[in-house]
Asker: 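For reference, the structure I am asking about is given below.
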Amino acid sequence: MKYKKAFSLIVASIFSVATAYAESSYGISGFYEVVKAASGTKAVGQYDQSVEIKYILTPTKVDKGKYIVEVKKIGDNLYQIKDTDICVETRYCHEWASFSEKVVLIVESNYGYNKGKIIFD
């Protein structure tokens with residue numbers, strides 16, 4: 001019985017270490033050029049309500065390829081690439097990235113539902 005407990009504990013610790021270092025991959029739904037709006041800038045949103053604007057996002061195209069970049073979260077499912085005006089929109093991404101975080105960015109297309117993926121380590 002002692003050995004069963006010890007074995008279970010070892011298996012559980014190995015599993016937790018293995019999952020701690022697993023990478024997280026998320027689909028990319030769009031690429032945008034980011035412009036930080038002046039303080040007090042507003043826009044009319046859905047249901048005719050005015051909302052204060054922090055960033056203005058304009059659709060843009062990105063060259064296909066695999067890149068290692070640093071990103072910072074600027075909104076829900078929105079990550080800006082450090083030292084650029086490019087923003088990546090993801091699907092169902094739960095990564096915090098409040099400070100710059102290194103990621104692998106794979107750009108497969110500029111059209112369609114899936115444009116590539118972003119991989120957090």
Side-chain angles (χ1 to χ4, degrees):
M1 191 65 155
K2 279 195 309 187
Y3 297 114
K4 265 188 172 178
K5 279 186 177 180
F7 180 73
S8 298
L9 199 62
I10 290 170
V11 169
S13 64
I14 289 172
F15 181 71
S16 66
V17 169
T19 57
Y21 292 108
E23 63 185 28
S24 301
S25 175
Y26 303 94
I28 295 173
S29 59
F31 299 103
Y32 298 91
E33 184 177 337
V34 179
V35 176
K36 187 164 181 148
S39 179
T41 302
K42 291 192 174 191
V44 176
Q46 196 170 10
Y47 307 114
D48 298 331
Q49 294 187 7
S50 66
V51 292
E52 192 163 336
I53 304 292
K54 187 172 182 181
Y55 298 104
I56 299 170
L57 307 176
T58 307
T60 191
K61 294 181 182 176
V62 178
D63 293 335
K64 291 181 187 178
K66 184 176 182 180
Y67 306 95
I68 297 175
V69 297
E70 289 186 35
V71 296
K72 180 179 177 184
K73 186 172 187 164
I74 63 169
D76 191 28
N77 284 308
L78 293 171
Y79 297 86
Q80 185 171 5
I81 299 172
K82 185 178 179 182
D83 299 328
T84 72
D85 61 350
I86 302 294
C87 177
V88 177
E89 182 180 26
T90 60
R91 279 192 200 81
Y92 313 111
C93 184
H94 309 292
E95 299 293 332
W96 190 245
S98 57
F99 298 101
S100 292
E101 188 171 327
K102 260 190 184 170
V103 299
V104 176
L105 182 68
I106 300 172
V107 180
E108 298 169 345
S109 174
N110 283 293
Y111 305 99
Y113 180 75
N114 190 22
K115 294 176 175 65
K117 62 180 147 180
I118 187 169
I119 303 169
F120 291 81
D121 194 21

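All heavy atoms count here, side chains included; hydrogens, waters and symmetry mates do not.
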Asker: Could you tell me which non-hydrogen atom of T60 sits nearest to which non-hydrogen atom of N110, and how far apart they are?
Answerer: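 Distance-wise, the nearest heavy atoms are O-OD1, 4.3 Å.
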
Asker: Using every non-hydrogen atom in the two residues, find where S29 and R91 come nearest and quote the distance to one decimal.
Answerer: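 What the structure gives for the nearest pair is CB-NH2, 3.3 Å.
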
Asker: Y67 and side chain to side chain contact (heavy atoms under 4.5 Å, CB included): which single residue from I106, V107, V104, V103 fits?
Answerer: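 The option that passes is V107.
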
Asker: Given a cutoff of under 4.5 Å between side-chain heavy atoms of I, L, V, M, F, W and Y, with clusters grown through shared members, what are the other residues clustered with V34?
Answerer: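 Hydrophobic cluster check, V34: joined to Y32, Y55, L57, I74, L78.
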
Asker: Decide side chain to side chain contact (heavy atoms under 4.5 Å, CB included) for I81 and L105; before the verdict, give the C-alpha distance in whole Å, the side-chain angles of both, and the deciding distance to 0.1 Å.
Answerer: CA-CA 10 Å; I81 299 172; L105 182 68; 3.8 Å; yes

Asker: So which heavy atom on A97 is nearest to which on F120, and how close?
Answerer: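 Smallest interatomic distance, heavy atoms only, reads CB-CE2, 4.4 Å.
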
Asker: Scan for side-chain hydrogen bond (donor to acceptor under 3.5 Å, both in side chains) pairs involving residues 34-46, sequence neighbours excluded, and state none if there are none.
Answerer: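 For residues 34-46, and leaving out neighbouring residues, there are no side-chain hydrogen bond (donor to acceptor under 3.5 Å, both in side chains) pairs at all.
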
Asker: With rounding to the nearest 0.5 Å, note down the distance linking CD in E33 to OG1 in T84.
Answerer: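 One gets 10.0 Å once the value is rounded to the nearest 0.5 Å.
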
Asker: What are the two closest non-hydrogen atoms of K117 and S25, and how far apart are they?
Answerer: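 So the minimum-distance heavy-atom pair works out to CD-OG, 3.3 Å.
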
Asker: What about the rings of Y79 and Y26, do their centers lie closer together than 6.0 Å?
Answerer: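 They do not qualify: ring centres at least 6.0 Å apart.
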
Asker: Is the shortest heavy-atom distance from the side chain of V35 to the side chain of D85 under 4.5 Å?
Answerer: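 A side-chain contact is absent here, since even the closest heavy-atom pair is not under 4.5 Å.
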
Asker: Just by distance, do the side chain of N77 and the backbone of C93 share a donor-acceptor pair under 3.5 Å?
Answerer: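 Side chain of N77 to backbone of C93: a pair is present.
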
Asker: Kindly compute the distance separating CD (E95) from CD1 (I119), expressed to the nearest 0.5 Å.
Answerer: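 Reported value, rounded in 0.5 Å steps: 11.5 Å.
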
Asker: Between K115 and G30, what is the shortest heavy-atom contact and its length?
Answerer: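 Heavy atoms of K115 and G30 come nearest at CD-CA, 3.8 Å.
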
Asker: Looking at OG of S100 and CD of Q80, how far apart are the two atoms once the value is rounded to the nearest 0.5 Å?
Answerer: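 Answer rounded to 0.5 Å: 9.5 Å.
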
Asker: I need the C87 SG to I56 CD1 distance, nearest 0.5 Å.
Answerer: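 These two atoms lie 13.0 Å from each other.
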
Asker: State, yes or no, whether a side-chain contact exists between V88 and V71 at a heavy-atom distance under 4.5 Å.
Answerer: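 When only atoms from C-beta onward are counted, V71 and V88 do not touch, as no gap falls below 4.5 Å.
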
Asker: Other than Y111, which residues form its hydrophobic cluster under the rule that side-chain heavy atoms must be closer than 4.5 Å?
Answerer: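 Once heavy-atom contacts under 4.5 Å are chained together, Y111 still belongs with nothing else.
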
Asker: Using every non-hydrogen atom in the two residues, find where K102 and E70 come nearest and quote the distance to one decimal.
Answerer: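 Here K102 and E70 meet closest at CG-CG, 3.8 Å.
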
Asker: To the closest 0.5 Å, what do you measure between OG1 (T90) and NZ (K73)?
Answerer: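 Spacing of OG1 (T90) from NZ (K73) equals 7.5 Å.
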
